[in-house]
Amino acid sequence: MAGSCGIEGNVRRWAERPRIRQDGRVTSQPDSAQTPAPSQAQDSPVPPAPERERHGELVELIQKYRAAYYNDDDPLISDAEFDVLYSELERLEGLHPELASNDSPTQVVGGDVSVAFAAVEHLARMYSLEDVFSLEELTAWLAKTEASVAKLHGKSPQWLTELKIDGLAVNLLYRDGVLVRAATRGDGTTGEDITHNVATIKDIPQRLHGSGFPAEVEIRGEVFIASADFIALNESMVAAGKAPFANPRNSAAGSLRQKDPAETAKRPLSMYVHGIGAREGLSTLSQSETYELLKSWGMPTSPYFKVLSSFEEVLDFIAHFGEHRHDLIHEIDGIVVKVDDFGTQRALGHTSRVPRWSVAYKYPPEEVNTKLLDIRVNVGRTGRVTPYGVMTPVKVAGSTVEMATLHNQEVVKAKGVLIGDTVVLRKAGDVIPEIVGPVVALRTGEEREFVMPTHCPSCGTALAPAKEGDIDIRCPNAQSCPVQLTERVAHLAGRGGFDIEALGYEAAAALTTGPGPNPADGAGAITPAGPGPLRSEADVFSIGELDLSGVVVWREIRANGAGTGRFHQVPYFYTKATPKKSSVPTKTTEKLFEELEKAKAQPLWRVLVALSIRHVGPTASRALATAFGSMKGIREASQETLAGVDGVGAIIAEALIEWFSVDWHRDIVTAWDAAGVRMTDDTDESTPRTLAGLTIVVTGTLPNFSRDEAKEAIITRGGKASGSVSKNTSYVVAGENAGTKLDKAESLGLTVLDEDGFVKLLAHGPAPKFENDAHEEDA
Ligand SMILES: NC(=O)c1ccc[n+]([C@@H]2O[C@H](COP(=O)([O-])OP(=O)(O)OC[C@H]3O[C@@H](n4cnc5c(N)ncnc54)[C@H](O)[C@@H]3O)[C@@H](O)[C@H]2O)c1
Ligand SMILES: [Zn+2]
């Protein structure tokens, strides 16, 4: 089953949350009237004072947070933090049911009616949903519900499975097919009248299409702002000098609950139907059937709901949308499972807060709140100065995050974050974490604005944009700015360059920036304190000439977190101040020499990558190496000739000419050449150029070739290894799990080869004798 690993992954990650019920209960709403109290509770009719006190605290907190969330559309804490508190309250009331008075947050639908709107009574009550946070809890809920349904009807229910859209609920009252009123959920009984605002939402018909409508029907749905529209909306808010919304949910709620409908009209609101309230004269028997009917009346229904029969299918649905959560037009925070049949829904009923026929499985949170402790700047390989936030470490989407880039000073301004703010931190799947914005309501007045430095924190040179109008500012001291040098050295040693494993980032820093502050002093941070022994990457292959007997590239030193059991790898460079007698070359140092020696034999394209020429990555480097065969050839080529090379083009040609015009750049090449680095690709006559003129795309996993090896095999035989399939592709080599590229090849009628076919192609070129072996069905 393809989805199974996704499910397991979810369980593992989610299970780490503090929100694990310790009493193992599955029901989240203690419904004292229906649910027998847990036995231990009967032994203690009056809860002990500490529990009563904690209960009071929790109620107060939750009420405060609910008010900020529902009434002000401006939450003070993240949903994940809220859920932890709410869970604790449920657990406490589960152990001491006497605490669950009628007005406890566990007994009422969260939400209120603001005085800004007229109050309206819903014809049928609106409920919240019972939440579960693990697949075990969900399966237990399904099993419990299935058993109840079996007792009622002697058969298993059908599960209507839907996306849990992160927006806000509206209740639309249609009389004889005409929208007469729209309301928010409010406390479930009474909502806020937002009829005029809803009238501006294009998705929602003022008059239902067709005929045969019931006299009165309440259609419920979720109003949301699509993720792409949210980004555009926030940009326009900031441009207009207003505070941006923390997330699409708040932006939808805030936009819909405007006092002026003209303001709502400007907001890109959409809606999907997810329920039905009072329904006089409606003859459908199930919720899914009703959705089809509503769709025919012109109501927007989600394209994603499914009616499923087995638990397994429900779990697959969850795994699928767990993976594709960010491929949807709107945000989701979970999956809702409902018993589809109306009769069964009625029979199962509801508690004071939630229906018993429905449950919401929540995905692991992608947004958390944390403290922005500082904003620092980082100097990159090209001298670009990038501010980044340093935060109290916090767990989000499966990893602990304590830093996030803020891109440039304009972004810091646009986000409106101050040092010391509580901020919303978002990490969507594998995407890098992002500071969304501040929680303004929590400011104490102690926060301070970030000021972009005017001088390079590494070398002290005045910072400036590369050209007028650039937002990014740079350190222009490219040659000897220690941090830029560190970045270039780490890059040249990287996987795409010389591939020197022992020269990782820390080792590069130790060689280029010299001794940092002594971690034993408690500073902890590795701030460069001045140039190290390696003053230029030109000297990287003569590193042996430096007094390496005094250099320890790696040392393990206990950082200031002593006693916490946490060790920091700290690069350390011995200087005169440190007695030489204590230094013995480490294993890593020996390995460094071995690898440096081996690196000299790397092919020309890797040498080109290692030079850190703008825009010249592996693809352009391979093209250049293939076209010219030597560094000399590239260096002497005119801009036009360079630009004419397939895969190079005008921008790269210009960058190359510019790069070679700088003295110290040419010195690098000269020094490497002198050190014995290979500067020509000797065309290996033993490899026949069987693939000259052919463009080949490799996709999926081949049993005996890595992606790089397959590429190399194609290029050394004179072929072009391309990443995208087009009608100019000569062959597509498809391994296991080949995806859309294979589909495209098939739709274009291209010849698709498996590994055997590929090996034959490499050996013989496109001879008819093996083309016949290729997938016949593709012809
Ligand atoms: N951050 C905070 O301070 C804060 C405060 C209060 C509540 N919250 C968050 O709000 C949530 C609790 O709010 P809630 O009581 O509105 O419950 P809920 O949002 O968990 O679930 C109920 C709501 O889900 C919505 N929904 C979306 N798709 C649906 C579908 N397909 N079918 C049915 N309903 C669907 C409906 O609007 C419904 O009212 C929690 O996630 C909580 O973390 C956060
Ligand atoms: Zn600098």
Side-chain angles (χ1 to χ4, degrees), residues 19 28-29 61-87 105-106 108-111 126-133 160-171 184-188 220-224 246-247 249-250 252-253 271-276 287 291 301-302 304-305 330-338 353-355 358-363 365 367-369 377 379-380 383-385 424 439 441 453 455-463 474-487 528:
R19 161 105 167 67
S28 78
Q29 74 293 349
L61 279 175
I62 287 170
Q63 279 167 347
K64 171 173 122 189
Y65 294 140
R66 275 186 169 176
Y69 181 86
Y70 293 110
N71 304 350
D72 309 336
D73 301 319
D74 195 8
L76 297 175
I77 57 171
S78 67
D79 287 1
E81 289 166 300
F82 179 87
D83 291 343
V84 168
L85 291 176
Y86 188 83
S87 234
T106 59
V108 298
V109 172
M126 293 181 82
Y127 292 95
S128 181
L129 286 169
E130 176 177 347
D131 292 326
V132 292
F133 294 85
L160 175 63
T161 312
E162 306 176 353
L163 305 184
K164 187 170 186 299
I165 303 168
D166 208 6
L168 93 159
V170 286
N171 188 23
T184 62
R185 191 180 74 185
D187 65 5
R220 276 116 190 226
E222 197 79 352
V223 170
F224 63 91
N247 58 43
R249 191 261 163 211
N250 296 328
M271 188 198 78
Y272 279 141
V273 166
H274 58 51
I276 191 124
Q287 193 146 336
Y291 286 173
T301 51
S302 166
Y304 297 112
F305 74 86
H330 51 66
E331 297 279 313
I332 60 170
D333 63 345
I335 296 295
V336 184
V337 185
K338 299 169 181 171
R353 199 180 70 87
V354 297
S358 181
V359 72
Y361 166 81
K362 293 278 196 83
Y363 287 119
E367 264 175 26
V368 293
N369 287 8
V377 298
V379 183
R384 197 166 81 130
V385 180
V424 178
V439 182
H455 290 77
C456 175
S458 177
C459 70
T461 308
L463 302 173
R474 291 171 194 273
C475 165
N477 178 22
Q479 184 177 7
S480 39
C481 176
V483 170
Q484 290 186 57
L485 180 60
T486 304
E487 296 284 338

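Ligands are counted one by one from 1 in listed order, and the atoms in each one are counted from 1 as well. Heavy-atom basis, side chains included; hydrogens, waters and symmetry copies ignored.
In this structure a side-chain-to-backbone donor-acceptor pair under 3.5 Å is present from Q287 to H274. Side chain of R353 to main chain of G110: no donor-acceptor pair is present (N/O by atom type, distance under 3.5 Å, no hydrogens or angles). No side-chain donor-acceptor contact under 3.5 Å links E162 to the backbone of V336. The main-chain N or O of V109 is never found under 3.5 Å from a side-chain atom of S128 such that the two would form a donor-acceptor pair.
D83 OD1, 3.4 Å is the protein heavy atom nearest to atom 42 (C) of ligand 1. Of the protein's heavy atoms, R185 NH1, 2.8 Å lies nearest to atom 39 (O) of ligand 1. Scanning the protein for heavy atoms near atom 44 (C) of ligand 1, the closest one is D79 OD1, 3.2 Å. Scanning all protein heavy atoms for the shortest distance to atom 4 (C) of ligand 1 gives Y69 CD1, 3.3 Å. Closest protein heavy atom to atom 15 (O) of ligand 1: S128 OG, 2.6 Å. Annotation: atom 14 (P) of ligand 1 to nearest protein heavy atom, Y70 OH, 3.2 Å. Nearest to atom 40 (C) of ligand 1 among the protein's heavy atoms is K362 NZ, 3.5 Å. Annotation: atom 29 (C) of ligand 1 to nearest protein heavy atom, H274 CD2, 3.3 Å.
Here L129 has heavy atoms under 4.0 Å from ligand 1 in both its backbone and its side chain. At a 4.0 Å heavy-atom cut-off, ligand 1 touches K164 through backbone and side chain alike.
In summary, the atoms of ligand 1 found under 4.0 Å from a heavy atom of S78, numbered by their order in the structure, are 1 (N). Within the listing of ligand 1, atoms 3 (O), 5 (C) sit less than 4.0 angstrom from a heavy atom of Y65. Of all atoms in ligand 1, numbered sequentially from 1 with element shown, those under 4.0 Å from a heavy atom of D131 are 20 (O). Heavy-atom contacts of E162 reach the following atoms of ligand 1: 30 (C), 31 (N), 32 (N) (cutoff under 4.0 Å).
Nearest heavy atoms, L463 versus P453: CD1-O, 3.4 Å. Here the closest non-hydrogen pair linking C475 and T461 is SG-CB, 4.2 Å. Nearest heavy atoms, N369 versus E81: CB-OE1, 3.4 Å.
The side chain to side chain contact (heavy atoms under 4.5 Å, CB included) with V483 is formed by just one residue from the set C459, C456, S458; it is S458.
Among the atoms of L163, some N or O lies under 3.5 angstrom from an N or O of ligand 1. Ligand 1 has an N or O atom lying under 3.5 Å from an N or O atom of I165, backbone or side chain. Any N or O atom pair closer than 3.5 Å counts here, and I77 shares at least one such pair with ligand 1. Geometrically, ligand 1 and K338 share a nitrogen or oxygen pair separated by less than 3.5 Å.
Compare E222, R66, R353, H330 by their heavy atoms: the one nearest to atom 36 (C) of ligand 1 is in E222.
Looking only at atom types and distance, the side chain of E367 has a donor-acceptor partner in the side chain of N247 under 3.5 Å away.
Ring geometry for F224 against Y272 counts as tilted: the plane angle lies between 30° and 60°, on a 0 to 90° scale. By the 30° and 60° cut-offs, the orientation of the rings of F82 relative to Y86 is parallel.
Between R249 and E331 no salt bridge is recorded (no basic side-chain N to carboxylate O distance below 4.0 Å).
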